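Convention: sequence-line order gives letters A, B, ...; per-chain numbering from 1. Any value given below was found using the heavy atoms of this structure, including those in side chains, with hydrogens, waters and symmetry copies removed. None of these values were measured; they are calculated from a predicted model.
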2 protein chains.
Amino acid sequence: MPVSPPRPKGPPLNALRAFEAAIRLGGFAPAADELCVTPGAISQHIKALEDWAEAPLFERRSQGVVPTDFGLSLAAPFATAFDAIGEAVRHLRSGAEHQTIHIAALPSVAQLWLSPRLPMIRTALAGHRLSVTALETPPNLGRELFDISIFLDTPTGQPGETILAEDRIFPVCSPEIAARLKSPEDLLAETWLYDAVWPDDWDRWLAQAAPGLKKKPNGPHFSLYTVALEETKHSAGILIGHAALVDSALKSGDLVAPFGEQVATGKALTVTVAPHQKSSKAVRQVLAMLGN
Amino acid sequence: MPVSPPRPKGPPLNALRAFEAAIRLGGFAPAADELCVTPGAISQHIKALEDWAEAPLFERRSQGVVPTDFGLSLAAPFATAFDAIGEAVRHLRSGAEHQTIHIAALPSVAQLWLSPRLPMIRTALAGHRLSVTALETPPNLGRELFDISIFLDTPTGQPGETILAEDRIFPVCSPEIAARLKSPEDLLAETWLYDAVWPDDWDRWLAQAAPGLKKKPNGPHFSLYTVALEETKHSAGILIGHAALVDSALKSGDLVAPFGEQVATGKALTVTVAPHQKSSKAVRQVLAMLGN
DNA sequence: AATTTCGCCCTAGAAAATCTAAGGGTAGAA
DNA sequence: TTCTACCCTTAGATTTTCTAGGGCGAAATT
C-alpha cells in the first residue's frame, strides 16, 4: 500500500475569517460580535494564526489590540478574499428553490414600524420568502447575508442608504395620564419610563423643550422598547416616543402626545440595501413599499 | 440586558472548500485526496452545503457524482474566491521570520535525485529554510502551499514547467548478477523486481528492447522505489531503473546496467514553479541549481 | 486617590464540528 | 454469474472549537 505522507496544512479557514474581521473592525470584541462568538474564541483563532504564520499580527495592549504593520498589510488581501467568498456564497444562496429576502432591523423598528407593513410586502412578493431578524447593531451588509437593513441611527452616508424619516422625540402617555398634564412642569410628578438603548432620550428632549427642568431618573428601564411602550399604554408612566415607532399608537388613540414640541435627535429611520442587491427587482420592490 | 438574537449563519467555510475542490476535480474522491481526508468527509460537507442552500449541487450516480447545472455555475465564483484566499494566505506566510521554500516531490525523486543536490542548495540559500515533502501525486501549485514540485510524469505543458531530463528505463542489477547476463534471454532465469507505482516498466522495456520475451511476473513488488533499489543492490533481483533515479548508483558502481538499450517512457523529470513564485529570487536560484 | 470600565488573556469543561471506518450499491470484467 | 473496483453513505469516535468564569493592566471617572 502506498504511503501518503501528510501534506503541509494550510491555516484553518475559520481563523482566517476571525482575523479578517478583527483587522477590519479593529479589535477582537467587535469581531466576536460580528461572528456571534465570544472574544475568547477570536483570541484563540488569532493566536493559532500567529503560531501558524510564525509572525505576530496584533500587538496586545492593556485596553485592546493594535495591528502590527505586518498584520495591517494583510488587511487588503484578506478583505478581497472574503469579499470573493461572500460573492460566491451569494451565488450559492441564489439557487434555493424559494428566494428569501433577509431583512435586519432594530428590534423596536421590526416590531413597531416594520411589522404593520409586512403583510402588504408579503402579498406583493408572492413566491419569495421573507426573513426578518432583530439585531442590536446594524450588520455589515457587504459581509453578512442580509439584503436590507432598517435602523434608527445616525446616517452614515454610505451607498445604498435611504433616509425614510428624521427621528423626532417627544413624551407620550396614556390619555388618562395626559389629562393631568397641563404644562411640562407637571411631568415632575409623574413616573418616567426609560429604554435601555436610548437612556438619554429624556435629557435630550428636556434640554430643548423644557430647559431647566431636572429630575432624578427613578423610573423603570426596559430592555425592549416595545415592552416600555406597552407599559406606557397601561399608564405605567411617561415614555419618550420616537415618531416612527409610536405613530400607530398615536393614530389608534392608545397613546397621546401631551406636548407638541418635537425634538430632532440627529438620527433617522434609515433603510440600507446591500451593495450586491441594488439591482434585484424584488428588493427594489420592497424598498419602494417601505418608502411610503 | 439586551437580547442579541442569533444572526443567520453563513455556510461553513470548510464545506465551501470541499465543494470547490469537488467541483474542480470532478468527484468526491479526488477532492478528498487533495484535502487529505476521506471521501466520507467530503460527502458530508457537500450534503451540509446542499441543505444550507436548499439546492442540489451534485447528482449522485452509481459510479460517481455529476455536478448539477447549478453546481457547475458556482465553479467559477468559488474558484475565484479560493484563489483569493490562497493569495492572502501567501501574504500571511511571507511574514514568517524564516522564509521557507516548500518543495513537493515524488518519494523516489526526493530520495534518489533531490537528496544529493540538497546540501548545495541549502548552503546557497542561507537564511532560508527548506522543506521537502514526499507526495504520490503532484500538488495543485495554484492552491496548495508548495513553491516547487519535482515529479517524474508526463509533461503537461503548463506554465512554469521545466523539463530536466527525459525519462529512460533499462534493467539494473548488482555487478554480481550482471556477470551471469550475456543476452536478454538470460533475464528469464532471474528474479524481476517491481515497483508498485510503475508496474508496467518491465513490459514497456521488453516491448522495445527484447520483443517476444515474456515472463510471468513473479518477483516482489515494492511500494517504495528506494527500497526496491536497495534490494537490487543486495542482489535480490533485477529492477527496471529510471535514468534519473539510478544515476548515482551506477556512478558509484553499486549497480550496473547489463544491457545498453534504454527505452524512453514519454515521461520526464519535470520541475514546476508555482505561478506566484516565478519572480522570487530564492526560488529561481533553487531552480537554477536543479537544472544541472 | 480610589474606583470603575474596558478590552484582552487564560484555563477547564462543554458543545459542536469534523473525521474515519465500515457498509452497501452499481458498473464493468472475468 | 461472480468478482473486482469504484464511489458514496452512515454511525460512531475524535478532534476542534466554543463558552464561562476569573485576572490583569491601563485609562477614564468619581
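Relative orientation of the W198(A) and H242(A) rings is tilted, given thresholds of 30° and 60° on the angle between their planes. The aromatic rings of W205(A) and W202(A) stand perpendicular to each other, their planes meeting at an angle above 60°, with 30° marking the opposite boundary.
Considering only side-chain N and O atoms, K47(B) lies nowhere under 4.0 angstrom from the phosphate OP1 or OP2 of dC8(D).
Two residues are said to be in side-chain contact when any heavy atoms from C-beta on lie closer than 4.5 Å; V197(A) and E136(A) meet this criterion.
In this structure, the CG atom of L16(B) is 14 Å from the P atom of dA17(C), given to the nearest Å. Nucleotide dC19(C) holds its C1' atom 15 Å from the CD1 atom of I46(B), rounded to whole Å. When the P atom of dT9(D) is taken as reference, atom CD of E59(B) falls 12 Å away, rounded to whole Å. R60(A) has its CZ atom 8 Å from the P atom of dC10(C), to the nearest Å. dC8(C) atom C1' lies 17 Å from atom CZ of F19(A), rounded to whole Å. Counting to the nearest Å, the P atom of dA17(C) and the CZ atom of R17(B) are 17 Å from each other. One atom, CG of L25(B), and another, P of dC7(D), lie 12 Å apart when rounded to the nearest Å.
In plain terms, the two heavy atoms of I240(B) and Y225(B) that are nearest each other are O-OH, 2.8 Å.
The residue S43(B) sits close to a base: some heavy atom pair falls under 4.0 Å.
Residue pairs meeting the side-chain hydrogen bond (donor to acceptor under 3.5 Å, both in side chains) criterion with at least one partner in residues 65-77 of chain B, sequence neighbours excluded, do not occur; the list is empty.
Taking the six-membered ring for Trp and the full ring otherwise, F78(A) and F19(A) have centroids separated by under 6.0 Å.
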Could you walk me through whether R90(A) and E87(A) satisfy the salt bridge (Lys or Arg N to Asp or Glu O under 4.0 Å) test, starting with their C-alpha distance in whole Å, then the side-chain angles of each, then the deciding distance to 0.1 Å, before giving a yes or no? CA-CA 5 Å; R90(A) 245 166 264 131; E87(A) 182 64 22; 3.0 Å; yes
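Rotation axes derived from the C1' atoms of the five outermost pairs at either end of the helix from dA1(C)-dT30(D) to dA30(C)-dT1(D) lie 20° apart, to the nearest 10°.
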Using a 4.0 Å heavy-atom cut-off, write out nucleotides 14-30 of chain D from 5' to 3' as B (base contacted by protein), S (sugar-phosphate only) or - (no contact). ----BB-----BSS---
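In summary, D147(B) and R93(B) engage in a salt bridge, as defined by a charged side-chain N under 4.0 Å from a carboxylate O. The residues E34(B) and R143(B) are annotated as not salt-bridged, no charged nitrogen and carboxylate oxygen being separated by less than 4.0 angstrom.
With dC8(D), dC10(C), dC8(C) as the candidates, the nucleotide lying closest to the side chain of F28(B) is dC8(D).
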